[in-house]
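A short write-up of the structure that comes next.
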Amino acid sequence: MISDISDWLNGYWVPDGGKPAWIIQPNLHSTKPDNMQSFTIHSGVVATLDRANVDTDQIIPKQFLKRIERTGFGQYLFYDWRFLDDGTTPNTDFELNQPHLDGASVLIARKNFGSGSSREHAVWALDDYGFRAVIAPSFADIFFNNCFKNGVLPIVLDEAQIDEIFERASQPSPYQLTVDLKEQTVKDSDGLNLTFEIDQSRKHNLLHGLDDIAETLQHEEKITAYEEARAW
Amino acid sequence: MAPNVDSKLSQLISSFPILHQMSDVKSSAPRTMLEKIWNQHVVHAPEQGPSILYIDLHLVHEVTSPQAFEGLRMNGRQIRRPESTIATPDHNVPTSDRSLPIADPISRKQIDTLRENCKEFGVTLFDIDDVRQGIVHVIGPENGYTQPGMTIVCGDSHTATHGAFGSLAFGIGTSEVEHVLATQTLRQFKPKTFELRVDGELAPGVTAKDMVLYLIGKIGTAGGTGYVLEYTGDCIRALSMEERMTVCNMSIEAGARAGMIAPDQITFDYLRGRPEVPQDFDAAVQRWKHLGSDEGAAYDLSNTYRGGDIEPQVTWGTNPGQVRSISALVPMPSDFDDPTEQKSTSDALEYMGLTANTPIHDIPIQRVFIGSCTNARIEDLRAAASVLNGHHVSGDVNAMVVPGSGQVKKQAEQEGLDRIFKKAGFDWREAGCSMCLAMNPDKLEPGERCASTSNRNFEGRQGKGGRTHLVSPAMAAAAAVKGHFVDIRQWDYKAAE
């Protein structure tokens, strides 16, 4: 939720098909418990991860799950792949360490992304690193759901469309995509124009950065009635 | 009742989920178990978007809950039903001497935080000095918290385990943990149903673990995405409750958030007499008897397998779907048509340090782990102990047993299983998740190869650079003795001493 003026100040203008939009950057150093940032339109550099079944153990290894905060996980994202055995030297063979991917904010991967453990830390790590959208042919259910709770947009495209993006992003120079949630489109500056499906209630909540708990509590009377009807 | 009145009544009832739940009016269309449990728990079903689903039991552990409790605190919220919430530390706890303080200060802080949160919010906690402490998916069933027809959640993907009782049980993220704490509900889309039918019988030596690994190998690690799996067929009905838990536990490894098995006499016999079951147990059984899917109920998807086709299984790769029979060879990338699978296979072979076409039983191992929410119950320990009886682990193998709970450990010691394990050269540990995910000090060194009864063989899962092969408890015990995988169907069982 955009509740802080500094979030607006961190934004920047992006022209989107002649219609400029003010892009809100997530405040990476925020300690707000309310992680439900909104998502409207986002343009950013694409990082390609040419791997299937990327599990949440790879996204955030277990030794970093001991923190009791929601923040600060970005430094450990893909830790075992990103760093050599000393844990600090970047592994230059790892896709995300290519210099032209500095500041990448759109991640593209192969099928079944986010499988395995339910750890929401995986989404916190992606978000904290700076990713606002993840694009894949399919996602694991729990991870997919966790994304929406944190204002990170998971986008499902078909295999051929994913292949096309991998192809376009294959040059060693930054490749940008613009994700427009309202229009449900993924575009580049060179004619790529794809549409994606999303549940309309999830879309609404993401566009407005709505908090699920507050929404559910609007139905508290129904919960109470249900409990009273049950014989405990 | 005249048909038109009946249909109007049904219409009225279906528009009020609470009435639906309370009424004895049988819908004429046959329903799946999922539909029955789902309908009984819908608090609010908007025309669009997710339903609000009531949650009967919420299990909490130290790793995925601190941020949820903090969220409650920041928003001035309470736990709606602390009496439906139970907690235990399991992921982080050391499995060595419990009288010593926890050496890792960050682990200690996380466990202390759970204690403080449970105290502040009034949640029952089974702490590490309590015999009821253990892996959350072991202690729920063994204390009778887990019951047929319930909705059960936990911030852990292996919550699917509890579906063995005919409950709808699934893992959730921390934001959802906070949502359940605050509202006792979850916003959920109704999943689709996928029947996995296993007919016939399992061959001697073939276990529930082999069955579920076989099924994951068949449908793949994303085959169940978007579905609740319902396991049916004679082969499933013949399983004990603990075996059913092993099967349902690994539903998530096939991509399904939940797996279910209809409750029957085996379920009721297991539950009778456990501390937390309903006081009027017979009346509860009468309700539970009708939970199973009706004859002719329609599943969205249905596959049938033959139990007799299943051999002991060993994973060779870095996801649970990369699995083969003990008699098979490690595959070649070219065995697969899909280029993505080919790449996954070559990546996995490289990480696992394996050469294509190596016979599975020739793969040497250095470590053995018997434990986890998949296979650390008393029957699992009995199976491993019967293999080990009269044998000793191979010279260079480091082997450990981590019981699933304090109560499992105690029972095993009463049966003398601990002595068999120790005599065979195994380490006998305290309860916890341990080397299933290696958050505590129990972990593999880079390059070490482990026969493990756990549920995930992901890269680095049991320690950075560690190589995990998932197997049944009997297969793990046999591998410990021989120093490589062997076909348990040809094992030399010694008579009990």
Side-chain angles (χ1 to χ4, degrees), chain A residues 32-36 50-53 55-58 61-63 65-70 80-81 85 110-112 115-121 123-124 138-143 145-146 149-150 159 199-202 204-205 212-217 219-220 222-223 225-227 229-230 232, chain B residues 17-18 21-22 43-44 46 48-50 52 54 63-64 66-67 70-71 74-75 77 80 91-92 104 106-107 109-110 113 155-157 171-176 178-179 182-185 187 189 221-222 225-226 252 255 257 319 340-341 343-344 347 437-439 446 456 458-461 464:
Chain A
K32 287 181 299 182
D34 181 3
N35 261 35
M36 193 47 212
D50 191 7
R51 305 178 194 226
N53 302 310
D55 58 74
T56 53
D57 273 76
Q58 305 316 319
K62 70 280 187 154
Q63 63 267 37
L65 306 185
K66 297 178 186 177
R67 297 168 63 89
I68 58 171
E69 301 84 16
R70 273 177 181 260
D80 288 349
W81 287 341
D85 287 347
R110 299 294 183 181
K111 67 181 179 182
N112 198 27
S115 54
S117 158
S118 64
R119 59 187 72 166
E120 196 164 319
H121 311 65
V123 181
W124 299 338
S138 60
F139 292 90
D141 283 339
I142 304 177
F143 175 85
N145 205 32
N146 286 341
K149 311 290 180 191
N150 293 278
E159 301 262 7
D199 171 74
Q200 293 305 302
S201 63
R202 280 178 159 150
H204 176 84
N205 287 10
D212 272 1
I213 297 177
E215 262 209 293
T216 298
L217 287 174
H219 300 284
E220 193 169 4
K222 284 183 178 162
I223 301 173
Y226 179 91
E227 287 172 334
R230 288 274 296 262
W232 267 293
Chain B
I18 294 166
Q21 182 246 323
M22 295 189 313
V43 170
H44 174 60
Q48 204 179 54
I52 298 180
Y54 200 79
V63 176
T64 56
Q67 298 86 353
E70 184 62 12
M74 301 292 272
N75 290 289
R77 290 172 177 144
R80 187 172 178 91
H91 282 62
N92 245 320
D104 178 349
I106 317 175
S107 288
K109 185 174 180 194
Q110 202 169 52
T113 302
D156 188 285
S157 60
I172 55 178
T174 298
S175 294
E176 290 181 310
E178 185 181 340
H179 192 283
T183 70
Q184 203 57 40
T185 68
R187 301 167 82 82
F189 291 94
T221 52
T225 303
I252 184 67
R257 285 179 81 174
N319 72 58
T340 307
E341 282 307 318
K343 181 170 186 302
S344 288
D347 287 350
L437 84 166
M439 268 191 86
R456 289 191 174 132
F458 297 154
E459 285 184 31
R461 172 77 177 182
K464 186 173 180 180

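So that the names make sense, note that chain A is the first sequence line, chain B the second, and so on, each numbered from 1. Just so it is clear, the model here is predicted, and its values are computed rather than measured.
Under the 4.5 Å side-chain criterion, counting only non-hydrogen atoms from C-beta, A/R202 is in contact with B/F189. Using a 4.5 Å heavy-atom cutoff, the side chains of A/D85 and B/K464 are in contact. You'll find the side chain of A/I142 reaches within 4.5 Å of the side chain of B/S157, heavy atoms only. At least one side-chain heavy atom of A/E227 sits under 4.5 Å from a side-chain heavy atom of B/R80.
With a 4.5 angstrom heavy-atom cutoff, A/F139 touches chain B only via backbone atoms. Residue B/T174 touches chain A through both its backbone and its side chain, counting heavy-atom pairs closer than 4.5 Å. Only the side chain of B/S344 comes within contact range of chain A, with heavy atoms under 4.5 Å apart. For a residue to count as touching a neighbouring chain, one of its non-hydrogen atoms must lie under 4.5 Å from one of that chain's; by this rule A/D80 touches chain B with backbone and side chain alike. Proximity to chain A (any heavy atom under 4.5 Å) is restricted, for B/T340, to the side chain, taken from C-beta onward. For A/D212, the parts lying near chain B are the backbone and the side chain together; criterion is any non-hydrogen pair under 4.5 Å. No part of B/D347 comes within reach of chain A, as not one of its non-hydrogen atoms sits under 4.5 angstrom from that chain. If you measure heavy-atom distances from B/I106 to chain A, the contacts under 4.5 Å come from both the backbone and the side chain. Proximity to chain A involves both the backbone and the side chain of B/P50, based on heavy atoms less than 4.5 angstrom apart.
The closest donor-acceptor contact from the side chain of B/E178 to the backbone of A/I213 lies at 3.5 Å or more, if one exists at all. The closest donor-acceptor contact from the side chain of B/K343 to the backbone of A/D50 lies under 3.5 Å. A donor-acceptor pair is defined here as one N or O able to donate and one able to accept, closer than 3.5 Å; such a pair exists between the side chain of A/D141 and the backbone of B/G226. Although no hydrogens or angles enter the test, the distance criterion places a donor-acceptor pair under 3.5 Å between the side chain of A/K66 and the main chain of B/M439.
The pair B/E341-A/R110 does not count as a salt bridge, with every side-chain nitrogen at least 4.0 angstrom from each carboxylate oxygen. A salt bridge does not link B/E70 to A/R70: none of the charged nitrogens lies less than 4.0 Å from a carboxylate oxygen. Residues A/D55 and B/R461 are not paired through a salt bridge, judged by the lack of any N-O separation under 4.0 Å between the basic side chain and the carboxylate.
If you check the side chains of A/W81 and B/E459, you find a donor sitting under 3.5 Å from an acceptor. In the model, B/R456 has no side-chain atom that pairs as donor or acceptor with a side-chain atom of A/S115 under 3.5 Å.
A/T216 and B/R187 get closest at one heavy-atom pair: OG1-NH1, 2.8 Å. When all heavy atoms of B/I252 and A/G116 are compared, the pair lying nearest together is CG1-O, 4.1 Å. When all heavy atoms of B/T225 and A/N112 are compared, the pair lying nearest together is OG1-OD1, 4.4 Å.
Between atom CD1 of residue A/I223 and atom OG1 of residue B/T185 there is a gap of 4.5 Å, rounded to the nearest 0.5 Å. Annotation: the span from B/I52 atom CD1 to A/E215 atom CD amounts to 8.5 Å, rounded to 0.5 Å. Separating the NZ atom in B/K109 from the CZ atom in A/R67 is a distance of 9.0 Å, to the nearest 0.5 Å. Atom CZ in B/F458 sits 6.5 Å away from atom OG1 in A/T56 (nearest 0.5 Å).
Highest contact tally toward chain A, considering only B/G155, B/P46, B/G173, is held by B/G173 [criterion: heavy-atom pairs under 4.5 Å]. Listed options B/S107, B/A182, B/G255 were ranked by heavy-atom pairs under 4.5 angstrom with chain A; first place goes to B/S107. Contact count against chain B (heavy-atom pairs under 4.5 Å) is highest for A/S117 among A/S117, A/S138, A/A140. Of the listed residues (B/G460, B/P66, B/S175, B/P446), the one with the most heavy-atom contacts under 4.5 Å to chain A is B/S175. Per-residue heavy-atom pair counts under 4.5 Å with chain A were compared for B/Q184, B/E176, B/Q48, and the maximum is reached by B/E176. For the set A/H204, A/E159, A/H121, A/R51, the count of heavy-atom pairs under 4.5 angstrom toward chain B peaks at A/H121.
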Check step by step if side-chain contact (heavy atoms from CB on, under 4.5 Å) holds for B/V43 and A/H219.
-> CA-CA 9 Å; B/V43 170; A/H219 300 284; 5.9 Å; no

side-chain contact (heavy atoms from CB on, under 4.5 Å) evaluation trace for B/R257 with A/N145 | CA-CA 11 Å; B/R257 285 179 81 174; A/N145 205 32; 4.0 Å; yes

